[in-house]
Asks: 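Let me begin by handing over the structure; questions about it come next.
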Amino acid sequence: MPGVCWAFLLLLLFAHICDGFYLPGSYMHTYSTKDTIFAKVNSLTSIETELPFSYYSLPYCKPLGGVKKSAENLGELLMGDQIDNTPYRFRMNVNESLYLCTTSPLNEHEVKLLKQRTRDLYQVNMILDNLPVMRIAKQNGVNIQWTGFPVGYSPPNGNDDYIINHLKFKVLVHEYEGSGVEIIGTGEDGMAVFPKADKKKASGFEIVGFEVVPCSVKYDPEAMTKLHMYDKVSSVNCPLGLDKSQIIRERERISFTYEVEFVKSDIRWPSRWDAYLKMEGARVHWFSILNSLMVITFLAGIVFVIFLRTVRRDLTRYEELDKEAQAQMNEELSGWKLVVGDVFREPDCPKLLCVMIGDGVQIMGMAAVTIVFAAFGFMSPASRGMLLTGMIILYLFLGIVAGYVAVRLWRTLKGTSEGWRSVSWSVACFFPGIVFVILTILNFILWGSKSTGAIPISLYFVLLSLWFCISVPLTLIGGFIGTRAEAIQYPVRTNQIPREIPARKYPSWLLVLGAGTLPFGTLFIELFFILSSIWLGRFYYVFGFLLIVLLLLIIVCAEVSVVLTYMHLCVEDWRWWWKAFFASGSVSLYVFLYSINYLVFDLQSLSGPVSAILYLGYSMIMAIAIMLSTGTIGFITSFYFVHYLFSSVKID
């Protein structure tokens with residue numbers, strides 16, 4: 001307790017010293033006039049193939065000091081990001097038009113590659129001061145923005161392709177004079193604070209915007225080869241006609257140039273990501289989510305109220321009767337009261353159930369903590385890969401919780417701790433093993449395509465080391481703690497001979513599958529925007545709404561599973577364990593079907609079987625994770641409901 005008090009006092013003292021905080025984003029850089037800044041570049045990406053490739057796989061100009069990779073975190077590597085340095089040099093507040101280089105004559109392989117990347121709509125993702133380059137174009141009088149610029153373009157009525165070899169950059173800068181704001185960064189440069197004594201040092205210019213107008217220009221290679229890198233060239237008015245554009249064909253020598261214009265802006269550094277986070281159809285997005293939340297809340301409230309009244313009436317009628325009347329009622333009436341001797345009978349495949357519940361707790365805990373942190377601004381889009389890295393670390397350390405829950409449930413079902421090691425090992429290997437197998441198959445496909453999205457062998461060893469050196473031991477420790485925890489005691493005894501279940505007019509699995517539609521109603525709107533952010537390269541940053549959707553999903557999954565369990569018990573079906581799990585877990589089936597629907601109708605540009613296999617593979621991992629997490633919510637809620645229901649009944 002004294003340590004907690006001291007920590008709280010230090011936090012208050014720190015809050016008093018600082019005038020204000022800014023959590024989202026990375027550490028602010030300020031530059032003086034003529035300070036040199038070099039742009040970086042990420043992997044080439046396309047919404048048609050979803051296969052990222054290295055920027056220098058194409059014949060672009062390389063830096064004088066050679067290509068150097070930036071430090072990449074675990075999330076960046078898994079997402080296929082490969083950030084390299086570039087020769088594009090910017091000098092603060094210096095407007096200039098510069099020459100970079102002229103390639104050697106293009107050979108057949110380079111021409112084929114450039115044409116293929118152009119026709120597959122590959123984008124160059126350039127970065128300056130951690131801001132992705134933005135391209136703005138007008139279509140039907142409306143400004144549409146993209147991140148990145150195309151490798152080239154193909155005119156609609158021709159067979160020729162043209163390369164983008166001239167870039168007109170506009171860099172928006174804001175003059176910062178140290179306004180007394182203390183800044184804490186959570187980006188790639190880690191935590192950082194400006195003390196009051198260093199405010200003068202922080203004065204200068206901040207980069208708050210990075211825009212580009214790409215165009216193709218045909219230069220005279222003989223004249224251009226006489227120039228050196230960063231020599232001045234004349235400005236270009238974009239766009240140019242096809243006769244003045246640089247065609248892609250064999251023996252052509254391509255010259256690369258660029259222009260830089262610095263423009264003062266009123267945008268402040270904390271708001272510089274606002275332009276990127278404005279999603280297409282923002283009003284529809286917000287309205288749809290709010291509408292979905294209100295409808296689902298209303299339906300869930302009705303279900304909850306009706307259900308409470310029904311159960312309360314049954315319990316009240318049963319408890320008001322004397323013992324003789326209860327015995328007569330048991331003989332005459334059917335319903336959940338008749339399965340009192342079978343309701344806690346051990347389910348089929350008890351070990352698998354324990355393992356899936358343990359993994360479900362681990363996945364749900366990881367998702368909940370990640371979304372909470374992201375909603376409070378700790379997962380900035382400026383920190384590439386941080387979201388995925390955070391999720392992996394959380395999953396590893398939540399292994400202790402998964403092991404504890406699985407082994408405690410195992411003890412409850414079996415009445416003994418015997419076999420807990422096997423259960424713990426299975427928990428540690430079940431879901432990660434499925435993901436590992438799917439990723440390995442997809443990785444062979446990516447290796448065959450020579451994509452940067454392929455996981456390197458070295459990263460495989462890192463992931464395996466994290467798995468077996470952190471996750472597995474923690475799961476075993478959690479399982480050991482579970483053996484020491486008190487097993488949950490059943491309120492009623494189980495008969496030796498199982499009761500016969502009455503015949504049903506329709507199979508019970510139809511009801512279980514249908515139950516997943518209500519939880520899916522809370523998800524499908526948000527799922528569309530999440531899939532768009534993953535596969536169409538859009539930014540997703542409305543984690544506040546995602547947190548609300550998650551909370552609503554948990555409530556609806558719990559209610560649906562409990563109602564379905566009660567319905568099965570009322571028709572004397574005491575095999576409720578797996579049905580309670582799949583009542584809410586069946587939402588994953590609808591998620592996977594919706595993913596296929598999204599592939600067919602919204603990703604029509606996706607080309608080739610390789611891209612479709614990748615998409616379906618990742619969708620399968622997502623669906624399995626959703627099944628385990630939502631199924632766990634439903635099962636745990638149903639278990640405690642059944643326990644409460646039968647502990648409230650007077651039994652001789």
Side-chain angles (χ1 to χ4, degrees), residues 41-63 66-67 80 82 84 86-88 99-126 133 135 146 148-168 212-227 229 233 236 238-258 445-454 605-611:
V41 71
N42 206 336
S43 300
L44 303 173
T45 55
S46 167
I47 61 171
E48 287 216 345
T49 66
E50 300 298 342
L51 297 171
F53 289 99
S54 169
Y55 173 74
Y56 290 108
S57 63
L58 298 180
Y60 285 122
C61 302
K62 295 184 178 179
V67 178
Q82 182 177 311
D84 300 315
T86 71
Y88 288 92
Y99 165 79
L100 276 184
C101 75
T102 300
T103 65
S104 54
L106 296 178
N107 58 39
E108 182 183 356
H109 173 71
E110 290 172 331
V111 169
K112 183 180 177 182
L113 208 56
L114 279 169
K115 282 180 170 287
Q116 185 179 349
R117 298 288 183 263
T118 298
R119 293 177 181 180
D120 286 340
L121 303 182
Y122 269 87
Q123 302 282 313
V124 178
N125 301 296
M126 203 165 283
V133 69
R135 177 167 54 101
W146 295 272
F149 57 88
V151 168
Y153 64 91
S154 305
N157 300 321
N159 295 322
D160 294 325
D161 302 289
Y162 298 85
I163 190 171
I164 298 296
N165 63 332
H166 181 78
L167 302 171
K168 294 173 72 77
V212 67
V213 177
C215 58
S216 182
V217 182
K218 183 171 180 59
Y219 291 108
D220 178 11
E222 298 300 327
M224 298 304 283
T225 49
K226 296 176 182 178
L227 299 175
M229 189 176 282
V233 294
V236 176
C238 297
L240 300 173
L242 293 181
D243 57 326
K244 297 180 180 178
S245 299
Q246 178 60 60
I247 195 170
I248 301 173
R249 64 185 172 199
E250 284 190 59
R251 310 306 302 167
E252 284 286 329
R253 302 186 69 184
I254 301 170
S255 297
F256 289 89
T257 55
Y258 70 103
I445 296 172
L446 290 168
W447 273 334
S449 303
K450 298 180 180 178
S451 168
T452 60
S605 61
L606 204 66
S607 60
V610 171
S611 303

Asks: Testing the basics here: between Ile163 and Phe256, what is the closest heavy-atom pair and its distance to 0.1 Å?
Replies: CD1-CZ, 4.1 Å

Asks: Determine whether Lys218 and Glu252 make a side-chain contact, defined as any pair of heavy atoms from C-beta on separated by less than 4.5 Å.
Replies: yes

Asks: Could you measure the distance from the CG atom of Asn42 to the CE atom of Met126? Nearest 0.5 Å is fine.
Replies: 11.0 Å

Asks: Measuring from atom CD of Gln123 to atom OG of Ser43, what distance do you get when rounded to the nearest 0.5 angstrom?
Replies: 13.5 Å

Asks: Assess the residue pair Thr86 and Tyr55 against the criterion (side-chain hydrogen bond (donor to acceptor under 3.5 Å, both in side chains)); give the C-alpha distance rounded to whole Å, side-chain angles, the decisive distance to 0.1 Å, and a yes or no.
Replies: CA-CA 10 Å; Thr86 71; Tyr55 173 74; over 6 Å; no

Asks: Do Leu106 and Glu250 make a side-chain contact, defined as non-hydrogen atoms from C-beta onward lying under 4.5 Å apart?
Replies: no

Asks: For atom CG of Asn159, is the number of surrounding heavy atoms from other residues, nucleotides or ligands below 6.0 Å larger than 12?
Replies: no

Asks: From Thr45 OG1 over to Asp120 CG, what is the distance, rounded to the nearest 0.5 angstrom?
Replies: 12.0 Å

Asks: Please check if any side-chain donor atom of Thr102 sits under 3.5 Å from a side-chain acceptor atom of Tyr219, or the reverse.
Replies: no

Asks: Quick check against the 3.5 Å criterion: does Arg253 have a side-chain atom that pairs as donor or acceptor with the backbone of Ser104?
Replies: no

Asks: Testing the basics here: between Arg135 and Phe149, what is the closest heavy-atom pair and its distance to 0.1 Å?
Replies: NE-CA, 3.8 Å

Asks: Does any N or O in the side chain of Lys450 come within less than 3.5 Å of the main-chain N or O of Phe53, such that one atom is a donor and the other an acceptor?
Replies: no

Asks: Quick one: CD on Glu108 to CG on Leu113, what's the gap to the nearest 0.5 Å?
Replies: 12.0 Å

Asks: Hey, does Tyr60 have a side-chain heavy atom less than 4.5 Å from the side chain of Val41?
Replies: no

Asks: Going by the angle between their ring planes, with limits at 30° and 60°, are Tyr88 and Tyr258 parallel, tilted or perpendicular?
Replies: perpendicular

Asks: Taking all atoms of both residues into account, what is the closest heavy-atom pair of Leu44 and Ser54, and its distance?
Replies: CD1-O, 3.7 Å

Asks: Residues in salt bridge (charged side-chain N to carboxylate O under 4.0 Å, His left out) with Arg119, at least two apart?
Replies: Asp161

Asks: Establish, yes or no, whether the cationic atom of Arg117 lies under 6.0 Å from the six-membered ring centre of Tyr122 and within 45° of the ring axis.
Replies: yes

Asks: If you take all heavy atoms of Asn165 and Ser255, which pair is closest and at what distance?
Replies: ND2-O, 2.8 Å

Asks: What is the minimum heavy-atom distance between Ser449 and Val610, and which atoms define it?
Replies: OG-CG1, 4.1 Å

Asks: Between atom CD1 of Ile248 and atom NZ of Lys112, what is the distance when rounded to the nearest 0.5 Å?
Replies: 14.5 Å

Asks: Tell me whether the count of non-hydrogen atoms from other residues, nucleotides or ligands lying under 6.0 Å of NZ in Lys62 goes above 12.
Replies: no

Asks: I need the minimum non-hydrogen distance between Pro63 and Val67, along with the two atoms involved.
Replies: CD-CG2, 4.1 Å

Asks: Test of understanding: with salt bridge (charged side-chain N to carboxylate O under 4.0 Å, His left out), list the residues that count as partners of Asp84, not counting sequence neighbours.
Replies: Lys69

Asks: Between Ser451 (side chain only) and Leu446 (backbone N and O only), is there a donor and an acceptor less than 3.5 Å apart?
Replies: no

Asks: Do side-chain atoms of Ser216 reach the backbone of Tyr162 as a donor and acceptor pair under 3.5 angstrom?
Replies: no

Asks: What distance separates Gln116 CD from Thr49 OG1, expressed to the nearest 0.5 Å?
Replies: 9.0 Å

Asks: Is there a side-chain contact between Val217 and Thr257 (heavy atoms, below 4.5 Å)?
Replies: no

